[in-house]
Amino acid sequence: MFEKEVYVNRRNRLQTIVNSGVILILGNNDSSMNYPANSYHFRQDSTFLYFFGIDLQGLAGIIDVDNNRHILFGDGYTLDDIIWMGPQSSLVSKAERVGIPEVLPFKKLFEVVGDAIKQGRKIHFTPPYRGENIMLLSDLLGLDYRWVKDYASTSLIMACIELRSIKEPIEIEEMERHMEVAYKMHTTAMRMAHPGVSEQEITGVIEGISMSRGGMVSFPVICSVRGETLHNHYHGNILKTGDLLLVDAGSESPMHYATDHTRTIPVGGHFTAQQKAIYQIVLDANNKAREATRPGAFYRDVHYTACRTIANGLKSVGLMKGDIETAIQEGAHALFFPHGLGHMLGLDVHDMEDYNDTLVGYDSEISRSSQFGLRSLRLGRRLKPGFVLTNEPGIYFIPALIDNWRNEKKFEAFINYNEVEKYKNFGGIRLEDDILVTSDGARILGNRIPIDVEDVETEVAKKR
Ligand code: GLY
Ligand code: MN
Ligand code: MN
């Protein structure tokens, strides 16, 4: 937990921006896995963590803007709780730690919200994403559970995005400190990437590194020799020489800030000439995109910088042809790069995506495209110092997509389908770093995980 002033300051700034009404922020509860008492690993709601800081179940917070009251709702600990959970400081002292003077029993939330509704005051809440909180909001607000999300407050969402997009120096320190764990996870995967080892074994070891150094992984690990499947969670393959292993994995810091990196590793430690050529194009796209990342630039233009590098590179190896600028404008390169260059990173790996990814990544200056590929770009708007982003270009050979486009004779002026056929078993390459937008550019957070061809080959050779 940060110092009390951090949370007081955040709530005060939020209340100033929202300006009127009652802000209701629900914490998360344990969620059952396969029977009631066997729950998933507890994860506090990120908005609650940001403004109220307490990493425990059974809580809700209210910021009554009109009356300048900040209240924590929760129940004190019973002897039974203490038997199962261990000794607990009182809720009042936990609230004091984050600068909240007023603590009320949880059931009082109904009274406080009910009174505000009777007075015709606006209740602001962000879109709920868990069934339990959808039901609670339905009860609190007297709304049909099916429509609760439609009543989420756009002004609260916009205020939260404004604050959380710019990482405070203490947040950057926390994120940067945890990059060491990401480094360890990915270099360990490299050292394990030898013939005969299973994807499952590597997945387990790197998840273990995360757990032993901070917390759970920040999203389910992607560790696959079928890297062309963008979010491949199947880990049943045994590695063999010639495979490319794509590892996209991140860890939550002790305060729940996420890392998110991808490396693509030649099993056994030697890229083939064909792999090296495609790898180098992705690496160039990654480096050029970072160099183009600076305050004031639209991230969509940075995405286009990566697209241009990828498409020109693919032309140089004979997979694309024709006028590359036109190919990119029409979206032909998305056969190989069907996702966005990056997204915001923070308390969530896709930061603030519970609010609505278009509101996070676009604004009145720039709207989201519906074009295949570009529509998956979660961040298009102008960058500001303090944004933390991922930079994750990739090239993939997805047999089903290639067949589909070829049958439809799509973009025949730009794609050499006869050449592409030869790559159908290639897999995919993605190279992802976490970067901070600075006052005049961008920099990688933490020590860069080995990424140059020789450095990756050297790391694999070290073995574990
Ligand atoms: N780990 C998911 C992503 O890179 O967006
Ligand atoms: Mn990732
Ligand atoms: Mn990512």
Side-chain angles (χ1 to χ4, degrees), residues 43 46 165 167 175 178-179 181-187 189-190 199 202-203 206-207 209-210 215-224 226-235 244-253 256-265 282-283 285-286 289-290 293 299-300 302-303 306 334 337-358 360-361 368 373-380 383 387-396 398 427-437 442 444-446 448-451:
R43 177 52 158 82
S46 296
S165 293
K167 270 53 185 185
M175 294 184 82
H178 203 62
M179 292 296 157
V181 177
Y183 189 98
K184 183 79 182 159
M185 288 167 72
H186 283 274
T187 50
M190 287 177 188
E199 294 165 345
I202 299 175
T203 302
I206 64 177
E207 282 211 30
I209 292 170
S210 177
M216 59 185 189
V217 288
S218 47
F219 58 92
V221 168
I222 297 162
C223 174
S224 178
R226 299 269 41 107
E228 76 276 14
T229 299
L230 300 182
H231 282 178
N232 196 338
H233 295 132
Y234 175 75
H235 299 139
L244 278 178
L245 178 69
L246 186 150
V247 179
D248 183 353
S251 174
E252 282 202 353
S253 77
H256 299 290
Y257 286 84
T259 72
D260 180 13
H261 295 84
T262 309
R263 288 295 183 264
T264 308
I265 312 162
V282 180
L283 181 53
N286 172 304
R290 186 187 64 260
T293 301
Y299 201 58
R300 190 172 64 188
V302 182
H303 171 84
F337 178 34
H339 62 76
L341 179 63
H343 50 85
M344 292 249 189
L345 185 72
L347 282 167
D348 310 297
V349 68
H350 288 179
D351 209 22
M352 304 177 273
E353 204 159 293
D354 56 322
Y355 299 157
N356 174 325
D357 60 356
T358 301
V360 172
R368 191 165 185 162
L374 193 53
R375 70 177 177 231
S376 300
L377 178 65
R378 295 179 148 83
L379 178 66
L383 301 172
F387 281 16
V388 175
L389 324 168
T390 64
N391 172 24
E392 51 179 307
I395 294 179
Y396 312 87
I398 306 168
I429 294 177
R430 177 162 66 253
L431 295 172
E432 178 175 24
D433 290 323
D434 298 345
I435 64 177
L436 167 71
V437 181
I444 292 170
L445 285 174
R448 195 176 200 189
I449 297 165
I451 196 166

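Residue numbers start at 1 and run along the sequence shown. Quick caveat: nothing in here was measured; it's all calculated off a predicted structure. Atoms considered below: every heavy atom in the structure, side chains included; atoms not considered: hydrogens, waters and symmetry mates. Order of appearance sets the numbers: ligands from 1, and atoms from 1 within every ligand.
A donor-acceptor pair is defined here as one N or O able to donate and one able to accept, closer than 3.5 Å; such a pair exists between the side chain of Arg263 and the backbone of Pro450. Judged purely by atom type and a 3.5 angstrom limit, Asp433 has no side-chain atom pairing as donor or acceptor with the backbone of Ile444.
Ligand 1 lies within reach of His350, whose nearest heavy atom is under 4.0 Å from it. Taking a 4.0 Å cut-off on heavy atoms, His339 fails to register as neighbouring ligand 1. For the pair Asp248 and ligand 1, a heavy-atom separation below 4.0 Å is found.
Contact annotation: His343 places an N, O or S atom under 2.8 Å from the Mn ion (ligand 3). Note on Asp248: counted as a metal contact of the Mn ion (ligand 2), an N/O/S atom lying under 2.8 Å.
Residues Phe219 and His231 place their aromatic rings such that the two centres sit no closer than 6.0 Å. A distance below 6.0 Å separates the ring centres of His303 and Phe337.
Residue-level check: among N/O/S atoms of Glu432, OE2 sits closest to the Mn ion (ligand 3). The Mn ion (ligand 3) lies closest to atom OE2 when only the N/O/S atoms of Glu392 are considered. The Mn ion (ligand 2) sits nearest to atom OD1 when only the N, O or S atoms of Asp260 are considered.
If you number the atoms of ligand 1 from 1 as listed, the ones under 4.0 Å from a heavy atom of Glu432 come out as 4 (O). The contact set between ligand 1 and His343, taken as ligand atoms under 4.0 Å from a residue heavy atom, comprises 3 (C), 4 (O), 5 (O).
Considering all non-hydrogen atoms of both residues, Tyr396 and Glu228 come closest at CD2-CA, 3.9 Å.
The side chain of Asp260, and not its backbone, has at least one atom closer than 4.0 Å to an atom of ligand 1 (non-hydrogen atoms only; side chain from C-beta on).
Summary of contacts: the protein heavy atom closest to atom 4 (O) of ligand 1 is Glu392 OE1, 3.0 Å. Shortest contact from atom 2 (C) of ligand 1 to any protein heavy atom: His231 NE2, 3.6 Å.
Between the side chains of Tyr183 and Arg448, no donor-acceptor pair is found at a separation under 3.5 Å. A donor and an acceptor atom, one from each side chain of Thr390 and Asp260, are nowhere located under 3.5 Å apart.
Remark: Asp357 engages Arg368 in a salt bridge, criterion side-chain N to carboxylate O under 4.0 Å. Using a cutoff of 4.0 Å between basic side-chain nitrogens and carboxylate oxygens, Arg378 and Asp351 are not scored as salt-bridged.
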